[in-house]
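These notes are about the structure you will find just below.
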Amino acid sequence: MKTVILSIVFSVVIHFIYIIGNLVAGYIKSKYYKPDIEKMWNNSEPIPNEVAFGGAVSPFFYVFTFIAAAFVCGLIIFSYKKLLS
């Protein structure tokens with residue numbers, strides 16, 4: 001049971017690091033973005049066609065990745081314990 005709980009905790013930590021990393025990267029990119037107004041003024045294409053503000057991912061995707069990460073972490077922990085014994 002301890003291996004299962006530990007693998008779930010590792011999966012939560014991995015997903016937390018992934019989500020926080022994406023938030024920090026997005027914040028840094030937004031903070032230091034400097035648009036080239038002259039280039040945009042001369043461009044005849046509308047700007048909304050060029051910029052994407054994120055993407056939509058199904059919430060089930062994160063559920064499946066959480067389960068898969070917990071399974072992989074459980075295998076690693078189980079293998080590590082067997083090697084040490």
Side-chain angles (χ1 to χ4, degrees):
M1 191 67 168
K2 186 176 178 183
T3 304
V4 173
I5 293 172
L6 196 57
S7 65
I8 291 172
V9 168
F10 281 148
S11 182
V12 168
V13 169
I14 289 169
H15 280 78
F16 181 75
I17 290 170
Y18 172 75
I19 292 170
I20 295 299
N22 280 331
L23 289 173
V24 169
Y27 174 76
I28 290 171
K29 285 181 180 181
S30 297
K31 182 165 177 73
Y32 293 110
Y33 175 71
K34 294 191 177 48
D36 186 4
I37 305 240
E38 185 176 329
K39 181 181 176 185
M40 288 191 302
W41 184 265
N42 293 329
N43 192 358
S44 62
E45 293 181 27
I47 293 175
N49 289 340
E50 298 176 7
V51 179
F53 292 103
V57 176
S58 171
F60 293 113
F61 175 74
Y62 292 112
V63 172
F64 292 133
T65 59
F66 179 80
I67 293 170
F71 181 72
V72 170
C73 288
L75 285 176
I76 292 171
I77 293 167
F78 181 75
S79 299
Y80 182 73
K81 286 182 178 180
K82 284 293 181 184
L83 287 175
L84 288 180
S85 298

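Keep in mind that this is a model prediction, so the values were computed, not measured.
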Mind listing the side-chain donor-acceptor pairs of residues 26-33 below 3.5 Å, one per line with the distance, residues two or more places apart or on another chain?
residue: S30; atom: OG; partner: G26; partner atom: O; Å: 2.9

Residues 9-22 side chain polar contacts: donor-acceptor under 3.5 Å, at least two apart:
residue: S11; atom: OG; partner: F66; partner atom: O; Å: 2.9
residue: H15; atom: ND1; partner: S11; partner atom: O; Å: 2.9
residue: H15; atom: NE2; partner: T65; partner atom: OG1; Å: 2.9
residue: H15; atom: NE2; partner: F66; partner atom: N; Å: 3.4
residue: Y18; atom: OH; partner: N22; partner atom: ND2; Å: 3.4

Would you mind writing out the side-chain donor-acceptor pairs for residues 67-81 within the sub-3.5 Å range, not counting sequence neighbours?
residue: S79; atom: OG; partner: L75; partner atom: O; Å: 2.8
residue: K81; atom: NZ; partner: T3; partner atom: OG1; Å: 3.1

